[in-house]
Number of protein chains: 2
Amino acid sequence: MTTLTLDEKISKYHHGDLRNTLLALGTEMLSEAGVAALSLRKLAQRAGVSHNAPYQHFPDKESLLAAIAEQGFRLLGEAMDSAQANPTYPDPIERLIATGQSYVTFALNHPAHYQVMFGPLNNDAYPDLKATSHDTLAKLINIVAALQASGHLRPTPPLDLAATIWSCMHGLSAILIANKLPDYIRTQRDAAALSATMLRHLLTGLLA
Amino acid sequence: MTTLTLDEKISKYHHGDLRNTLLALGTEMLSEAGVAALSLRKLAQRAGVSHNAPYQHFPDKESLLAAIAEQGFRLLGEAMDSAQANPTYPDPIERLIATGQSYVTFALNHPAHYQVMFGPLNNDAYPDLKATSHDTLAKLINIVAALQASGHLRPTPPLDLAATIWSCMHGLSAILIANKLPDYIRTQRDAAALSATMLRHLLTGLLA
DNA sequence: ACCTGAACACCGTTCAAGT
DNA sequence: ACCTGAACACCGTTCAAGT
């Protein structure tokens, strides 16, 4: 019977970074099997920890989902940033279109994660989630405002324009994920093409 | 100890219209407490029936949800129809805008129902749901095609235009339900105004 | 501070049985 | 054909206890 040092005890006992592990594995389970299949008990098991350990880091399951959603908004924001930084599109309107495409692509690549981000969570109960989703919207507002300053977009309230563009991109993403436009989109390439087409329609208007 | 006639036995034993009762009460529970709170057992109890009776009418919980979603698409279609038939707007473009508003209003009036309609259900597994959602989209395509024939809208593929309008309206609805545009919408009146504004932007284009 | 194990109420689903 | 009751595996959450 060997006695453990305090350090050894701790290393056996403490996971070290359980919170982040739960977020990562939770996101993994989400993409493997969807929201319905994500149980706290299975997640704990996968993390190699008792089924109660997660309660040290999240007061309940919904809080875990909120944290996962928050991370999703961060990732989505990064995808938008890198589209904006892409030097392939020197024209700012083309860059806006590429940014919209990257939004839809992100959603289609992480459908379950995206569904949690816009799912039945009560946003107001999770201030961090709310703040992060606001930051993501703010990116779009900034892009729009810059395009107004350079004379590319109409000088109406930027929040209105941003909300319009966002609604369009979110709506397309959600409709595609829910598969309500079947036999329309066969490949990811199609989705990118469709989002560009839609954004061009939106920019130039639908009227004859 | 009285003996029951066959009819009496049947009337005691058979609920009569359990399937529709379950759909109606399920929708009710949905609007009272959201998807998360809708359990098959509670629903059966509310219907005054054993917790297994629902299985006579639905193979599992997901099928019940699919049937509820299907009914939602029917109601949404009816809301759009009556907006189209509203004589207040003789101008067909104004009628299109009113139809878009009625879409968003429906979604905000039945948020949990709407979330089930676009939730993580596998559309392809429920042919009736798929057909009904297609019928609803077809209404919009018909409206768009008529507006193209009358020279009001651009002669591009009507499915593209319909998908663009639908994405915009669905996106706005979903973003408002998920409360991701806080401090922006305070009343239902605001939501109707915002959807009209967005549709006008969409029709005339965002470019300067 | 962080984790475990036993316990509780609830859930979806199955199955044999009743009418 | 339609419904019931007992049973099963699973779930989120609580609590007392361990280190």
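The chains referred to below are lettered A, B, ... by the order of the sequence lines, with proteins before strands, and numbering in each begins at 1.
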> Under 3.5 Å, is there a donor-acceptor pair between the A:Thr99 and A:Gln84 side chains?
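Judged by distance alone, the side chains do pair up.
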> So if I take residues 23-39 of chain A and measure heavy-atom distances to DNA chain D, which residues fall below 4.0 Å?
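The answer is A:Ser39.
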> Separation of A:Asp17 atom CG from C:dC3 atom P, in whole Å?
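The distance from CG of A:Asp17 to P of C:dC3 comes to 10 Å, rounded to the nearest Å.
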> Would you mind reading off the distance between A:Leu40 atom CG and C:dC10 atom C1', rounded to a whole angstrom?
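In whole Å, C:dC10 C1' lies 16 Å from A:Leu40 CG.
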> Rounded to the nearest Å, what distance is computed from the CG atom of residue B:Asp60 to the C1' atom of nucleotide D:dA9?
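Going from B:Asp60 (CG) to D:dA9 (C1'), I get 17 Å.
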> For DNA chain C, whose closest nucleotide is more 5', that of A:His57 or that of A:His51?
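Result of the comparison: A:His57.
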> Considering only side-chain heavy atoms of B:Lys61, which listed nucleotide, C:dT13, D:dG12, D:dT14, is closest?
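Per side-chain heavy atoms of B:Lys61, the pick is C:dT13.
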> Is any NZ, NE, NH1 or NH2 atom of the basic residue among A:Arg46 and A:Glu32 found under 4.0 Å from an Asp or Glu carboxylate oxygen of the other?
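Counted as a salt bridge, because a side-chain N and a carboxylate O are separated by less than 4.0 Å.
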> Please tell me which of the listed nucleotides, C:dC3, C:dC11, D:dT14, lies nearest to the side chain of A:Ser50?
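Among C:dC3, C:dC11, D:dT14, the one nearest the side chain of A:Ser50 is C:dC3.
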> What is the base-pairing partner of C:dC3, counting Watson-Crick and G-U wobble geometry with both distances under 3.5 Å?
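Looking at the geometry, C:dC3 pairs with no nucleotide.
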> Report the nucleotide, chosen from C:dA7, D:dC3, C:dT14, that has the shortest atom-to-atom distance to any side-chain atom of B:Gln56.
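Of the options given, the side chain of B:Gln56 lies nearest D:dC3.
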> Taking only the side-chain heavy atoms of B:Arg41 (C-beta and beyond), determine which of C:dG12, D:dC3, D:dG12 contains the nearest atom.
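Between C:dG12, D:dC3, D:dG12, the one nearest the side chain of B:Arg41 would be C:dG12.
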> In this structure, are over 12 heavy atoms from other groups packed under 6.0 Å from A:Tyr89 atom OH?
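Open: at most 12 neighbouring heavy atoms sit under 6.0 Å from OH of A:Tyr89.
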> Across all strands, who's sitting opposite C:dA17 as a Watson-Crick or G-U wobble pair, both distances under 3.5 Å?
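With both distances under 3.5 Å required, C:dA17 matches none.
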> What is the distance, to the nearest angstrom, from the CD atom on A:Glu62 to the P atom on D:dC11?
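Taking CD of A:Glu62 and P of D:dC11, I get 19 Å after rounding.
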> For A:Glu70, is there an ion pair with A:Arg74 - N to carboxylate O distance below 4.0 angstrom?
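Looking at A:Glu70 together with A:Arg74, the answer is yes, because their closest N to O distance falls below 4.0 Å.
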> Side chain of A:Asn52 only, heavy atoms from C-beta on: which candidate in C:dG5, D:dG12, C:dT4 is closest?
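Of all the options, the side chain of A:Asn52 is nearest to C:dG5.
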> Would you indicate, yes or no, if C:dT13 has its OP1 or OP2 atom less than 4.0 angstrom from a side-chain nitrogen or oxygen of B:Tyr55?
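Checking C:dT13 against B:Tyr55, a side-chain N or O does come within under 4.0 Å of OP1 or OP2.
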> How long is the line joining CG of B:Leu22 and C1' of D:dC2, in whole Å?
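Between C1' of D:dC2 and CG of B:Leu22: 13 Å.
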> Across all strands shown, which nucleotide pairs with D:dC11 by Watson-Crick or G-U wobble geometry, both distances under 3.5 Å?
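Its partner is none (no Watson-Crick or G-U wobble pair with both distances under 3.5 Å).
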> Let me know which of B:Phe106, B:Tyr103, B:Tyr114 forms a ring pair (Phe, Tyr, Trp, His ring centres under 6.0 Å) with B:His170.
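So the option named by the test is B:Tyr114.
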> Whole-Å distance between C:dC10 C1' and B:Gln45 CD?
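Roughly 12 Å, once rounded to whole Å.
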> Are B:Ser63 and B:Asp60 linked by a side-chain donor-acceptor pair shorter than 3.5 Å?
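The criterion, which ignores hydrogens and geometry beyond distance, is satisfied for B:Asp60 and B:Ser63.
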> Cut-off 3.5 Å, side chains only: do B:Asn52 and B:Ser50 have a donor facing an acceptor?
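Judged by distance alone, the side chains do not pair up.
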> Counting distance only, does the side-chain N/O of B:His113 pair as donor-acceptor with the main-chain N or O of B:Ile68 below 3.5 Å?
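Present.
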> Can you tell me the distance, in whole Å, between the CG atom of A:Leu18 and the P atom of C:dA1?
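Rounded to whole Å, this separation is 17 Å.
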> Just how far, in rounded Å, is C1' of D:dC10 from NZ of A:Lys42?
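Answer to the nearest Å: 8 Å.
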